[in-house]
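For reference, the structure discussed in these notes is given below.
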Amino acid sequence: MGPATQQRHRTRARRPAASKPRLTVDDDGDVRCEACGSGDDADELLLCDGCDRGVHIFCLRPILPRVPAGDWFCPSCTPATTSAKSGVIQTKMPKQFPLVQTKIVDFFKIQRGPAPAAEPTEGKKRKRKALVVSKKKSRKLLPFTPSEDPVRRLTQMASLATALTATGAVFSNDLTYVPGMAPRSANSAALEAGGMQVLPREDVETLSLCKSMMERGEWPPLLVVFDPVEGFTVEADKCIKDLTIITEYVGDVDYLRSREHDDGDSMMTLLSASPPSKSLVVCPDKRSNIARYINGINNHTPEGRKKQNLKCVRYAVDGECRVLLVANRDISKGERLYYDYNGSEHEYPTHHFV
């Protein structure tokens with residue numbers, strides 16, 4: 001199930017005022033894109049709220065998936081002190097988070113102290129391999145395997161800290177329930193229209209193992225990198241096996257009805273309820289983890305669909321809805337991570353994705 005999407009009120013560029021000759025206009029007085037010079041695709045043409053210059057969302061670097069509902073400012077009109085929450089997208093290489101252990105430990109609130117003794121896993125692995133007949137039926141989820149080099153793990157954590165800092169968010173690895181938004185009691189998998197699959201007990205234990213490893217600083221082998229076209233994106237820092245839990249999609253939980261005019265493009269469906277008024281979304285704009293920076297495929301092209309190496313699945317865990325990103329095939333080191341933002345809904349605009 002892909003990120004939830006809303007109707008955007010600002011879908012067409014405004015006509016330029018006659019007193020602003022700096023606008024790029026065509027013979028009919030319509031705004032043209034500063035990047036490509038075309039006035040076509042007017043419903044995907046942004047106007048800067050500072051200078052009124054126009055640019056297509058797909059000509060921006062990195063691109064935007066849709067026209068924002070609120071104010072938007074081009075890079076030329078963005079003050080150096082402007083927050084990442086004010087409608088400005090990251091267009092330049094962000095300042096790197098210091099590769100200092102104490103700063104990283106504090107940023108992610110890593111537990112200090114000796115790590116618990118690791119449980120023997122060889123027996124379990126041999127047992128799983130031996131069950132050839134039932135292997136296809138069980139399809140158990142796997143925990144991620146952290147990088148052995150502690151310096152490499154710090155580098156991985158610093159890359160996420162860089163992205164979170166640049167986008168004005170703080171780290172959270174759990175769903176958060178904020179006063180004034182949806183309470184935790186609203187997150188009931190029993191309300192899912194058509195029912196929700198239950199995460200098996202063994203997989204719940206695997207998810208808990210992944211969470212506890214991250215609390216100790218045993219990080220998944222992932223790097224957040226900045227791409228001039230895609231923006232922040234995530235790549236594997238070592239080989240990852242099929243069915244490995246990559247991360248849980250987390251953030252503030254709110255009612256979908258309360259986010260109808262929200263400008264965020266990272267909202268994820270948490271609960272598609274019956275009645276719809278009880279539907280919930282995850283909003284990672286203020287509190288989030290690495291899931292926010294994993295990009296979607298262009299599911300309008302065969303090349304885009306081939307990039308998919310993760311699946312996004314909603315499960316019932318102890319009666320509550322959770323969203324997991326799981327590898328759907330073996331992933332090579334250096335390969336970027338992608339999943340389908342739409343799932344079965346086909347609402348998220350991905351036709352300009354690379």
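Model, not experiment: these values are computed from the prediction. We're numbering straight along the sequence, starting at 1. Side-chain atoms are counted along with the backbone in the values below, which use heavy atoms only and exclude waters and symmetry mates.
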For Pro143 versus Cys210, what's the shortest heavy-atom pair and its separation? CA-SG, 3.6 Å

Shared hydrophobic cluster for Phe171 and Leu222 (ILVMFWY, side-chain gaps under 4.5 Å): yes

Test Ile104 against Leu99 for side-chain contact (heavy atoms from CB on, under 4.5 Å), laying out the working first. CA-CA 7 Å; Ile104 293 174; Leu99 192 62; 4.2 Å; yes

Shortest non-hydrogen separation from Cys321 to Leu271 and the atoms involved: SG-CD1, 3.8 Å

In terms of hydrophobic clustering (I, L, V, M, F, W, Y; side-chain heavy atoms under 4.5 Å; direct or indirect links), are Leu223 and Ile240 co-clustered? no

Neighbour count above 12 (heavy atom, 6.0 Å) for Arg257 CZ: yes

Using a 4.5 Å cut-off on heavy atoms from C-beta on, say whether the side chain of Thr162 contacts that of Phe226. no

Minimum heavy-atom distance Val224-Ala163, with the two atoms named: CG1-CB, 3.7 Å

Within the structure provided, determine whether Lys211 and Asp174 are in side-chain contact (heavy-atom separation under 4.5 Å). yes

Say you draw a straight line from CZ of Arg32 to CG of Asp40; how long is it, rounded to the nearest 0.5 Å? 11.0 Å

Check: Thr206 side chain, Leu142 main-chain N or O, donor-acceptor pair, under 3.5 Å: no

Any side-chain to backbone donor/acceptor pair from Asn289 onto Glu248? Under 3.5 Å, distance only. yes

Checking Thr269 side chain against Val281 main chain: does a donor-acceptor pair fall under 3.5 Å? no

Hey, any chance Tyr255 and Tyr177 share a hydrophobic cluster, counting ILVMFWY side chains that come within less than 4.5 Å of each other, even indirectly? yes

Gap between atom CD1 of Ile294 and atom CG of Leu337 - 0.5 Å precision: 5.0 Å

Is there a donor-acceptor pair under 3.5 Å between the side chain of Arg153 and the backbone N or O of Glu218? no

Identify the heavy atoms of Asn187 and Glu320 that sit nearest to each other, and give their distance. O-CG, 3.5 Å

Is the number of heavy atoms from other residues, nucleotides or ligands under 6.0 Å of Gln308 CD greater than 12? yes

Donor-acceptor pair, side chain of Ser288 and main chain of Asp285, under 3.5 angstrom: no

Show the numbers, then the answer: is there a salt bridge (Lys or Arg N to Asp or Glu O under 4.0 Å) between Asp252 and Lys286? CA-CA 8 Å; Asp252 296 339; Lys286 295 181 180 178; 5.7 Å; no

Exam field: side chain Ser159 to backbone Gln156, donor-acceptor pair closer than 3.5 Å: yes

Which value, rounded to the nearest 0.5 Å, describes the distance between Ile246 atom CD1 and Thr244 atom OG1? 6.0 Å

One pair to check against side-chain contact (heavy atoms from CB on, under 4.5 Å): Asp106 and Lys103. What are the steps and the verdict? CA-CA 5 Å; Asp106 290 340; Lys103 291 183 178 295; 5.9 Å; no

Pair Tyr315-Asp203, side-chain donor/acceptor within less than 3.5 Å: no

Does Pro94 offer a backbone N or O that forms a donor-acceptor pair with the side chain of Gln96 under 3.5 Å? yes

In terms of heavy-atom contacts, Asp254 and Ser258 come closest through OD2-CB, 3.7 Å

Rounded distance [0.5 Å steps], NZ in Lys140 versus CD in Glu202: 5.0 Å

Any heavy-atom pair between the side chains of Leu199 and Leu141 that's under 4.5 Å? yes

Full working for side-chain contact (heavy atoms from CB on, under 4.5 Å) between Asn328 and Asn309: CA-CA 5 Å; Asn328 64 357; Asn309 47 24; 4.2 Å; yes

Please name the pair of heavy atoms, one in Tyr339 and one in Cys312, separated by the smallest distance, quoted to 0.1 Å. CD1-CB, 3.7 Å

Report whether Met196 and Val317 are members of the same hydrophobic cluster (ILVMFWY, side-chain heavy atoms less than 4.5 Å apart, transitive linking). no

Do any N or O atoms from the side chain of Glu192 and from the backbone of Ser272 form a donor-acceptor pair under 3.5 angstrom? yes

Tell me, with the steps shown, if Phe97 and Leu160 meet side-chain contact (heavy atoms from CB on, under 4.5 Å). CA-CA 9 Å; Phe97 193 87; Leu160 175 56; over 6 Å; no

Any chance NZ of Lys333 has more than 12 other-residue heavy atoms, nucleotides or ligands included, within less than 6.0 Å? no

Expected output: side-chain Lys241 to main-chain Thr145 donor-acceptor under 3.5 Å: no

Using salt bridge (charged side-chain N to carboxylate O under 4.0 Å, His left out) as the criterion, point out the one residue from Lys238, Arg329, Lys306, Lys307 that pairs with Glu335. Arg329

Asp330 side-chain N/O to Asp242 backbone N/O, donor-acceptor pair under 3.5 Å: yes

Spatial distance of atom CZ (Arg292) from atom OH (Tyr249) [nearest 0.5 Å]: 8.0 Å

Are Ile331 and Trp219 joined in one hydrophobic group, where the rule is that I, L, V, M, F, W and Y side chains link up if heavy atoms are under 4.5 Å apart? yes

Please examine the side chains of Val225 and Thr233, heavy atoms only from C-beta on, and report whether any two atoms are closer than 4.5 Å. yes

Let me know which of Val234, Asp227, Asn295 forms a side chain to side chain contact (heavy atoms under 4.5 Å, CB included) with Arg336. Asp227

Could you tell me whether the side chain of Leu175 reaches within less than 4.5 Å of the side chain of Val282, counting heavy atoms only? yes

Separation of Ser212 OG from Glu205 CD (nearest 0.5 Å): 11.5 Å

